[in-house]
Amino acid sequence: GWHMDSLEKKGMNSSLLNNRKIFYALLILVFIIGSFLTWKTQTNAIETQKQETIMLAKSASSLIPKSYLLTLTASELDLEKEEYKIIKQNLIRFVENNELIHFAYIFMLKDDDIYFAVDSEPENSSDYSPPGEIYYEAEEWDYIPFIQKIPTVSEPFEDSWGKWVSVLVPITDYENNEILGVFGLDYPVSTWYMNTLRNTIQVGIMTLCVLAIIIVLQMIISMNFELKKEKQLIFETDNRLRDSMALYKAVFDQTTIGIAIADNFKYLVETQTGIPSINPAFEKILGRPKEQIADVTWSEITNPNDLGVDLEYFKQFKAGIIEGYEMDKRYIRPDGKEVWVHMIISPLHFENPHNKYHLCIIEDITSRKIIEKNLKESENSKSILLDNLPGMIYRCKFDKDWTMLFTSQGCKELTGYDSDSLINNAEVSYNDIIAPKYRQYIWDKWITVLNNKQKFIYEYEIVTADGQTKWVYEQGQGIYDEFDNVIELEGLIIDISDRKNSEDRIRYVNEHDALSGLYNQKSLVEHFNNDIENEENISKAVIIIHIKRYNLMITAYGYSYCESITLDLVNNLSSLTDETHMLYQLSMDRFALYVKNFKNIKELTQVAEKIVNILSYNVALRSYGAWVGLDIYDKSIPDIHTTLKNATMAANFVKGIEPFGYSIYNTQMEESIRRQEDVKDVIASICNDSKREVFHLVYQPILDSKGNICFFEALARIDDDKLGSVSPSEFIPIAEKRHLIVDLGKIILDEACQFIKLLENNGQKDISVSVNISAIQILRDDFLSDLRDIINKNRIPAHMLILEITESVFAENLEFINSQLAKAQVMGIRSAIDDFGTGYSSLSRERELAADIIKIDKFFIDQILVKDEKELITSDIIHLAHKLGQKTVSEGIETNLQKEYLKRNDCDYYQGFLFSKPLSAKDAISFLKKD
Ligand code: C2E
Ligand code: CA
Ligand code: CA
């Protein structure tokens, strides 16, 4: 309402408004305040617009699945990707739904250049930027979201596509907070300003209105005042008034605000005093010239929809209940089109205090209304978008009920409850819907998330209205006030049951061994680590069962038979399992029994003994063996891996010749492993020739019964600075295990052949050299060809060479080894069975070994010293060999007593410290000469 009465009275009484200075001061003041308000509104409007558009960009960008984005590389490769196509489709749809936005796109930063990853232009559009195209026109602000990780709004700028204001928000990876890309929206500069100018124009217009009204008032008042004296006189004598009149005229004629004086339902074309009462703007807005306006009542040209309100106000106004009123209404122009105006009605006591005139001021707000309408429509399309999302968007209070303030329509489908029953916990709280076991966790998680201003992301189960359990994925965040207090939470919850179900299946496959259905190593690690966390003080141990030489077993029996052996074993081992004894299959040949809550080591070793017992019933495993190792978990270690490693190590340290046995981990094992590593390194450097000098052969003479040297046995030696002298009993098995024996074996054969050459050069043409050959060497197909190459290279006669092969090797590969030896024999190379009597228990099968010489193991030679002659079988071995046409060598003779016995029983050759220790090549030659 307008307080014209009081103003007018004041003016009349004090003539204040008649004072030109004060009038101008007032005008200037109003003008300054108006300009300030206009400026302020404009700044605010731009700020609000920026915030709103950033929010819009953020919410739009949050609908782009991060996982999809992660697959994009901002290169042409993306074109084929399904994820690219989906994101692109989303952007296109988004832009279609938002009239004000012309482009949406995702930038990525590579090597300081900004690339298009996806944009909202269809491929056939001329504005389309394919992924990987560099955005050459990037400005400083385009980098801000990448570098400072904050949204930004650009200055208005021009590029090859037009004039724009860009809104850019970073898309970050929740996990590591890295920038995946930047989501940008381009507003054409024109719409951008149209939007912000809306309010500004309004304020500007209001200011003009006030100015105009002051002027009008001034005029009216002064006219009123002056007319009371002498109208003519005043016009002539009072320049002030004339100026005012001129100003009034100027404003009245030039303002875009429509001003008219009305008498009840009719606008006055002219007042009685001849002052124009309808200004040009008024005519323009109504689309009618003065003359036509005079012909109609305002109620006739008011849109019937607005007329009711207008008339109601007008009635009250006329009755003096209200002093004036303002409203938005539509006038109908002569062409039938509508014009929206903001109308202000105020009383006008003109000339005669009892007249019924009033002032009608109107402002054309049609364009604002259109924008409002568009805005409303885009709001609508946003809510359509929300309602069609697969899931539920929510805003809720941060309380233990998660009191819902808003939920999208997806609520019903997700939870089975209507939005209304959830909002303000009307029927049910969201917390009630969450499956009970997750409630506390979700609360705790939100608290940490909010403290760190992070996003809440979690998968959990809910129970729907009909009692069904569903897996959901929730992603949410806090809304904070300026003091960083959480006001509300908002986010998205979607149904992921389908995915979870298939995940469950995948997890089963992932956690279990495909063959036995036992849990696998991954599960063991998980279960164990879980227990470390939850049952910290309960004793834990791992028992490893390792089937030895499983590969050989597969070669011997075939794959499926081995599988059935394993299954048998699993079957038998399950008799040991319960909640505290759980069996896992780590690989084809390794199992683990996870034992927890045991009282002492004794209880554990009993379990290990039971396992060994079960193993020994498995006949097929006997010739391969299986070892059991155990280690107790040490609390100071963070996870199971060390325990597993130790138990495995212990399994490899099982001693003895029995096929099955167990051992408990101790720290010396580690020492020994470390030394094995060092030894392996030395062997490796011998083989690659970088440390050849630490390796050499020594030669132990082998004599006949008359004491003449007939052979030398070549024995390998390593003398390393760091490791000292390493016995072949130590390094040969390591070389075998680490696949270095083949290379080392060639070095040995080569050096032995050089020694043969040396002997030959020293005139010793009849003395042979025997070389120890590992099973792995002789089992190789290329062994013989390698051997031939070495012999040829050294130009020695093949018959000077004897191959020593340990008896135990024959056990499994009799035929193949026999055939290899037979081929060697064709070349003239002789062979000897080493350590005879230890490995291949049945003497009766000796005939099956295709060897020229038998080396009786030191064990039988030592027996000579401790047993009665009658009980000794040493002589039987010699006689048996002779019957088969084989020569015999006795090893490790240390006393004359042994030598005498052997002589008496016709042993052919003699070797041992009694005669000589192994000698260097040089010493061996001088030994020969001395002899
Ligand atoms: P082996 O083939 O049975 O060699 C005989 C071992 O008995 C040698 O030990 C030798 O020094 C030792 N010896 C000889 N006479 C006596 C004695 O009167 N009393 C005692 N107590 N021991 C005696 P060495 O050199 O330590 O070799 C140990 C084993 O290492 C060998 O047993 C052989 O199996 C293996 N080996 C040595 N050199 C090579 C090689 O070049 N290649 C391969 N594959 N294995 C080798
Ligand atoms: Ca030997
Ligand atoms: Ca031997």
Side-chain angles (χ1 to χ4, degrees), residues 679 683 686-687 695-703 709 711-719 724-756 768-780 783 786-787 790 801-810 817 830-840 851-865 877 888-899 902 907 909-921 923-924:
V679 171
I683 302 170
I686 292 166
C687 291
F695 182 80
H696 63 276
L697 293 181
V698 290
Y699 304 94
Q700 190 174 29
I702 300 170
L703 303 84
I709 296 173
F711 320 108
F712 282 101
E713 178 178 4
L715 295 161
R717 294 287 177 268
I718 287 178
D719 286 300
S725 81
V726 188
S727 152
S729 319
E730 182 181 357
F731 71 75
I732 293 293
I734 294 173
E736 288 175 344
K737 231 178 0 202
R738 301 308 189 89
H739 311 293
L740 290 163
I741 193 65
V742 175
D743 287 343
L744 193 66
K746 286 183 200 164
I747 292 175
I748 292 167
L749 275 168
D750 190 50
E751 193 170 327
C753 289
Q754 285 172 31
F755 182 63
I756 293 173
S768 320
V769 173
S770 69
V771 180
N772 293 284
I773 305 292
S774 281
I776 295 170
Q777 285 175 274
I778 193 142
L779 288 174
R780 282 173 64 94
F783 173 70
D786 287 347
L787 183 60
I790 293 168
L801 199 60
I802 301 169
L803 306 178
E804 284 192 25
I805 289 137
T806 308
E807 189 197 2
S808 57
V809 177
F810 286 87
I817 291 176
R830 280 169 294 166
S831 55
I833 296 169
D834 204 355
D835 305 334
F836 186 85
T838 53
Y840 199 61
D852 304 288
I853 299 163
I854 279 179
K855 295 188 79 174
I856 302 166
D857 193 78
K858 187 168 182 297
F859 173 82
F860 297 100
I861 311 304
D862 288 345
Q863 295 277 304
I864 298 169
L865 297 175
I877 298 175
T888 51
V889 178
S890 293
E891 286 187 305
I893 305 167
E894 291 174 349
T895 66
N896 273 314
L897 191 74
Q898 293 163 315
K899 183 182 89 180
L902 293 164
C907 176
Y909 303 108
Y910 303 80
Q911 179 182 9
F913 293 168
L914 181 65
F915 311 104
S916 170
K917 295 215 159 182
L919 305 165
S920 70
D923 291 349

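Any value given below was found using the heavy atoms of this structure, including those in side chains, with hydrogens, waters and symmetry copies removed. Both counts, for ligands and for their atoms, begin at 1 and track the order of listing.
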Checklist outcome for this item: Checking distances from the Ca ion (ligand 3), one finds that the N, O or S atom of Asp835 closest to it is OD1
Item to check | From the candidates Leu697, Leu914, Asn772, the one that places a heavy atom nearest atom 45 (N) of ligand 1 | outcome: Asn772
Checklist entry - Taking side chain as C-beta onward, heavy atoms only, is Ile702 less than 4.5 Å from Ile709? => result no
Checklist entry - the Ca ion (ligand 2) is nearest to which N, O or S atom of Asp834? => result OD2
Item to check | Contact (N/O only, under 3.5 Å) between Glu713 and ligand 1 | outcome: yes
Checklist entry - Can a donor-acceptor pair be found between the side chains of Ser725 and Arg717 at a distance below 3.5 Å? => result no
Checklist entry - Of all the atoms in ligand 1, which lie at a distance below 4.0 Å from a heavy atom belonging to Glu894? => result 17 (C), 18 (O), 19 (N), 20 (C), 21 (N)
Next on the checklist: Heavy-atom pairs closer than 4.0 Å: do any link ligand 1 to the side chain of Asp857, the backbone, both, or neither?
Outcome noted: neither
Next on the checklist: Any heavy atom of Lys917 closer to ligand 1 than 4.0 angstrom?
Outcome noted: no
Checklist entry - Protein heavy atoms: any of them under 4.0 Å from atom 12 (C) of ligand 1? => result no
Item to check | Option with minimal heavy-atom separation from atom 29 (C) of ligand 1, where the choices are Ser729, Ser727, Gly912, Gly892 | outcome: Ser729
Checklist outcome for this item: of all protein heavy atoms, closest to atom 31 (C) of ligand 1 is Leu715 CD2, 4.4 Å
Checklist entry - Going through the distances and angles, do Ile773 and Val771 end up as a side-chain contact (heavy atoms from CB on, under 4.5 Å)? => result CA-CA 6 Å; Ile773 305 292; Val771 180; 4.2 Å; yes
Item to check | Salt bridge Lys858-Glu891, side-chain N to carboxylate O under 4.0 Å | outcome: no
Next on the checklist: Can you tell me how the ring of Phe695 sits relative to the ring of Phe731, calling it parallel under 30°, perpendicular over 60° and tilted otherwise?
Outcome noted: perpendicular
Next on the checklist: Within the structure, is a non-hydrogen atom of Glu736 found at a distance of less than 4.0 Å from ligand 1?
Outcome noted: no
Checklist entry - Protein heavy-atom contact under 4.0 Å for atom 6 (C) of ligand 1? => result no
Checklist entry - Evaluating non-hydrogen atoms only, which member of Thr895, Ile893, Ile773, Ile748 is closest to atom 41 (O) of ligand 1? => result Ile748
Item to check | Exam field: side chain Asp835 to backbone Asp857, donor-acceptor pair closer than 3.5 Å | outcome: no
Checklist entry - What's the shortest distance from atom 44 (N) of ligand 1 to any protein heavy atom, and which residue and atom give it? => result Ser774 OG, 3.3 Å
Checklist entry - Can Asn772 and Glu713 be counted as having a side-chain donor-acceptor contact under 3.5 angstrom? => result yes
Item to check | Test item: Ile802 and Ile853 side chains (from C-beta on) under 4.5 Å apart, heavy atoms | outcome: yes
Checklist entry - Protein heavy-atom contact under 4.0 Å for atom 9 (O) of ligand 1? => result no
Item to check | Exam field: side chain Asp719 to backbone Gly724, donor-acceptor pair closer than 3.5 Å | outcome: no
Next on the checklist: My question is simple, although I want it checked carefully: is atom 27 (O) of ligand 1 less than 4.0 angstrom from any protein heavy atom?
Outcome noted: yes
Checklist entry - Within the distance-only criterion (no hydrogens, no angle test), does the side chain of Ser774 pair as donor or acceptor with the backbone N or O of Ile776 below 3.5 angstrom? => result no
Checklist entry - Just by modelled atom types, is the Leu697 backbone N or O under 3.5 Å from a matching donor or acceptor in the Glu751 side chain? => result yes
Item to check | Closest approach of any protein heavy atom to atom 15 (N) of ligand 1, naming residue and atom | outcome: Gln700 NE2, 2.9 Å
Checklist entry - Do we see a donor-acceptor contact under 3.5 Å between the side chains of Thr895 and Gln898? => result yes
Item to check | Contact flag Asp857/the Ca ion (ligand 3), N/O/S atoms, threshold under 3.0 Å | outcome: no
Item to check | Minimum-distance protein heavy atom relative to atom 32 (O) of ligand 1 | outcome: Asp834 OD2, 4.8 Å
Next on the checklist: Within rounding of 10°, what is the angle whose vertex is the Ca ion (ligand 2) and whose arms end at OE1 of Glu804 and OE2 of Glu713?
Outcome noted: 90°
Checklist entry - Taking 3.0 Å as the cut-off, does an N/O/S atom of Asn772 lie below it from the Ca ion (ligand 2)? => result yes
Item to check | Protein heavy-atom partner closest to atom 38 (N) of ligand 1 - residue, atom, separation in Å | outcome: Ala716 N, 3.1 Å
Item to check | Validation row: Ser916, Phe712 side chains within 4.5 angstrom (heavy atoms) | outcome: no
Next on the checklist: To check your reading of the model: name the closest protein heavy atom to atom 24 (P) of ligand 1, its residue, and the distance in Å.
Outcome noted: Pro728 CG, 3.7 Å
Checklist entry - Are side-chain N/O atoms of Lys746 and Gln777 paired as donor and acceptor at under 3.5 Å? => result no
Next on the checklist: Checking the N or O distance criterion of under 3.5 Å, is ligand 1 in contact with Gln911?
Outcome noted: no
Checklist outcome for this item: If you scan protein heavy atoms around atom 16 (C) of ligand 1, the nearest is Phe913 CE2, 3.3 Å
